[in-house]
A.B. asks: 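Sending over a structure as structure tokens; questions will come in a sec.
Counting begins at 1 with the first residue of the sequence. Numbering of ligands and ligand atoms starts at 1, following listing order.
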Amino acid sequence: MTGAATNTAVFDHPDFDDHEQVVFAADPASGLRAIIAIHDTTLGPALGGCRIWSYGSTNEAIADALRLSRSMTYRAALAGLPLGGGKAVAIIDSDRPKTPAMLRAMGQAIDRLGGRYITAEGAGSTVTDMDEVAKATPFVSGQSWGAGDPAPATARGVFLCMEAAVRHRLDRDLAGVHVAVKGLGSVGRALAGMLHEAGARITVADIDPARVARARQAFGAASVPVGAISAMEADVFAPCALGGDLNERSIAGLRAAIVCGSASNQLATPEDEIRLAEKGVLYCPDYLVNAGGLIHAARHTLDLPRGTTDAHIRNLPETLLTILAEAARTGATPGAVADRTARDRFRPREELRLLA
Ligand code: NAD
């Protein structure tokens, strides 16, 4: 059912970045077609969510798996966790819908990796889905009897980092600050709730009108069409949908002073962070501010004492401020400083390794 990747397109991919292992898994009986990417296990087993999604092409799914898996390594390293980075994506469509049998087949594919990769819920997968995966493998976090939904912890980390970024850039607290939230899924909705409680003014957009209606009612949020949210005259833009929201076109129209949101891989290309810096926008590196859910899942996976999660999530704004200070001192972008700090932890430079 599984086979190692031999496609040179994978080796040449910009996000391949020396992945330790990429597995293509198929199960004709259930319709499973999945890619499990393990980027790096230097610091520990690769923990990363399972995205179940309808992709435009297999190449799109490969790119997503590689990019997400790589960012999980950086996220764990920067959060100071003894974990590596990996990600699973399952490709669904109308002929191959998500079913319990498909989820169990996913569990079998994960099980064959012997614990090098531990899955969890991700975009398009739920706690109930993880219960099904767990019937075939113990290498799961996020089942209903385990860690459960990581989204509230992710939202809390984003909220705390946004608070720190607003104080850093605008010298004020969140009361009265205008935040444009794109995406009202598990994280975006929880974040909007926290912002509402803190007295922020919220504008939202989502492709799902029911979610927009709920946010309008519950949080007094204003709403705009999806295409208009990144150009809102707001203090903060919070991308909480899928990746790639910060690209040449959207950055040209951006009017917020700060970008801080949960979405993974917000920058469409590395040049986009330079564009943000040139425009004077403070970009909070996505894999740093969205690490709360990983910290939550890690407590269960690593069996850490209860109560450590919140303390650990509270460190995220401190790490952000250290990175912003280093960026200001060196003239590097916050993303470049975050990358270097994380990389030094999981791939110590050769000279340091020789000294060790
Ligand atoms: P989700 O699937 O629950 O929600 C995504 C939301 O985005 C949905 O409401 C969907 O309708 C909306 N959406 C999709 N495309 C859109 C578009 N083009 N415009 C506007 N809205 C759109 O996912 P989630 O768990 O809330 O995660 C959101 C983002 O945060 C993802 O990028 C995910 O990778 C990242 N993230 C999530 C967690 C977590 O704990 N769930 C942790 C780290 C990072």
Side-chain angles (χ1 to χ4, degrees), residues 47-56 64-65 67-72 74-76 78-79 81 83 85 87-89 92 98 119-130 141-142 147-159 161 180-194 203-215 221 223-232 237-247 250 259-268 284-300 309 313 316:
L47 175 61
C50 175
R51 182 171 280 192
I52 302 181
W53 210 251
S54 171
Y55 288 95
D64 212 25
R67 205 171 300 143
L68 290 164
S69 141
R70 180 170 181 264
S71 79
M72 289 307 294
Y74 283 77
R75 192 182 301 175
L78 204 56
L81 293 165
L83 289 168
K87 196 84 186 180
V89 305
I92 51 167
K98 177 172 82 174
T119 200
E121 57 173 359
S125 65
T126 62
V127 170
T128 319
D129 294 341
M130 291 307 114
S141 164
D149 186 2
T154 303
R156 173 141 177 81
V158 175
F159 174 81
C161 288
V181 181
K182 178 173 180 179
L184 293 164
S186 320
V187 181
R189 190 174 50 241
L191 175 65
M194 291 171 194
T203 301
V204 299
D206 195 292
I207 46 173
D208 181 341
R211 292 183 173 189
V212 171
R214 272 204 301 273
S223 63
V224 292
V226 163
I229 189 78
S230 64
M232 279 300 299
F237 173 47
C240 297
L242 298 186
D245 267 335
L246 301 171
N247 51 49
S250 68
V259 175
C260 181
S262 77
S264 304
N265 301 320
Q266 292 167 22
L267 301 164
C284 303
D286 50 12
Y287 64 77
L288 163 58
V289 306
N290 71 13
L294 177 65
I295 292 168
H296 167 87
R299 184 182 89 69
H300 288 261
T309 309
I313 292 175
L316 294 175

A.B. asks: With the side chain counted from C-beta on, respond yes when Leu316 and Leu288 share a heavy-atom pair under 4.5 Å apart, and no when they do not.
C.D. replies: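 Of all side-chain heavy-atom pairs linking Leu288 with Leu316, at least one is under 4.5 Å.
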
A.B. asks: For atom 30 (O) of ligand 1, what's the nearest protein heavy atom and its distance?
C.D. replies: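 The closest heavy atom on the protein side is Ser262 OG, 2.9 Å.
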
A.B. asks: Are His296 and Arg156 side-chain neighbours, meaning at least one heavy-atom pair lies under 4.5 Å?
C.D. replies: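 Of all side-chain heavy-atom pairs linking Arg156 with His296, none is under 4.5 Å.
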
A.B. asks: Nearest to atom 28 (C) of ligand 1, what protein heavy atom do you find, and at what distance?
C.D. replies: Cys240 O, 3.2 Å

A.B. asks: Is the closest N or O pair between Arg75 and ligand 1 shorter than 3.5 Å?
C.D. replies: no

A.B. asks: Could you find the nearest protein heavy atom to atom 6 (C) of ligand 1 and give me its residue, atom name and distance?
C.D. replies: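 Looking only at protein heavy atoms, the one closest to atom 6 (C) of ligand 1 is Gly185 N, 3.6 Å.
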
A.B. asks: Can you check whether Gly142's main-chain N or O pairs, donor with acceptor, with His300's side chain at less than 3.5 Å?
C.D. replies: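 A pair under 3.5 Å: no.
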
A.B. asks: Any nitrogen or oxygen of Trp53, side chain or backbone, less than 3.5 Å from one on ligand 1?
C.D. replies: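 Among all N and O atoms of Trp53, none is under 3.5 Å from an N or O of ligand 1.
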
A.B. asks: Between Met72 and Leu47, is any pair of side-chain heavy atoms under 4.5 Å apart?
C.D. replies: no

A.B. asks: Taking only heavy atoms of Leu184, which atoms of ligand 1 are found under 4.0 Å from at least one of them?
C.D. replies: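 In order of numbering, the contacting atoms are 9 (O).
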
A.B. asks: Who's the nearest protein heavy-atom neighbour of atom 29 (C) of ligand 1, and how far?
C.D. replies: Ala241 O, 3.1 Å

A.B. asks: So, Asp286 side chain and Gln266 main chain: donor-acceptor pair closer than 3.5 Å or not?
C.D. replies: yes

A.B. asks: Out of curiosity, is Ala151 lining ligand 1, as in a heavy atom under 4.0 Å away?
C.D. replies: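 Under 4.0 Å: yes for Ala151.
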
A.B. asks: Under the side chain to side chain contact (heavy atoms under 4.5 Å, CB included) rule, collect the residues that match up with Leu267, sequence neighbours excluded.
C.D. replies: Leu246, Asp272, Glu273, Leu276, Tyr283

A.B. asks: Atom 41 (N) of ligand 1: which protein heavy atom is closest, and how many Å away?
C.D. replies: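 Ranking protein heavy atoms by distance from atom 41 (N) of ligand 1, first comes Val187 CG2, 3.5 Å.
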
A.B. asks: Asp64 versus Arg51: any side-chain heavy-atom pair under 4.5 Å?
C.D. replies: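 When only atoms from C-beta onward are counted, Arg51 and Asp64 do touch, with a gap below 4.5 Å.
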
A.B. asks: Using a strict 4.0 Å cut-off to heavy atoms of Arg51, name the atoms of ligand 1 that fall inside it.
C.D. replies: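 That gives atoms 32 (O), 34 (O) of ligand 1.
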
A.B. asks: When you measure from the side chain of Asn247 to the backbone of Ala268, do you find a donor-acceptor pair of N or O atoms at a distance under 3.5 Å?
C.D. replies: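 Side chain of Asn247 to backbone of Ala268: no pair is present.
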
A.B. asks: Asp245 and Ser230: side chain to side chain contact (heavy atoms under 4.5 Å, CB included), yes or no, with the steps?
C.D. replies: CA-CA 8 Å; Asp245 267 335; Ser230 64; over 6 Å; no

A.B. asks: Among all protein heavy atoms, pick out the one at the shortest distance from atom 14 (C) of ligand 1; state its residue, atom name and that distance to 0.1 Å.
C.D. replies: Ile207 CD1, 3.6 Å

A.B. asks: Ignoring hydrogens, just give me the one of Pro152, Gly122, Pro150, Ser264 whose non-hydrogen atom is nearest atom 33 (C) of ligand 1.
C.D. replies: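 When every heavy atom of Pro152, Gly122, Pro150, Ser264 is considered, Ser264 comes closest to atom 33 (C) of ligand 1.
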
A.B. asks: Between Phe237 and Lys182, does the side chain to side chain contact (heavy atoms under 4.5 Å, CB included) criterion hold? Intermediate values first, please.
C.D. replies: CA-CA 8 Å; Phe237 173 47; Lys182 178 173 180 179; 3.9 Å; yes

A.B. asks: Would Glu121 count as a contact residue for ligand 1, given that I'm defining contact as a non-hydrogen atom of the residue lying under 4.0 Å from a ligand atom?
C.D. replies: no

A.B. asks: Quick one: nearest non-hydrogen protein atom to atom 11 (O) of ligand 1, plus distance?
C.D. replies: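 Checking every protein heavy atom, the shortest distance to atom 11 (O) of ligand 1 gives Asp206 OD1, 2.6 Å.
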
A.B. asks: For ligand 1, note which part of Lys182 has a heavy atom under 4.0 Å away: side chain, backbone, both or neither.
C.D. replies: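 Only the side chain of Lys182 comes within reach of ligand 1.
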
A.B. asks: Could you check atom 42 (C) of ligand 1 against the protein and tell me its nearest heavy-atom contact, residue, atom and distance included?
C.D. replies: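 Of every protein heavy atom, Thr154 OG1, 3.4 Å lies nearest to atom 42 (C) of ligand 1.
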
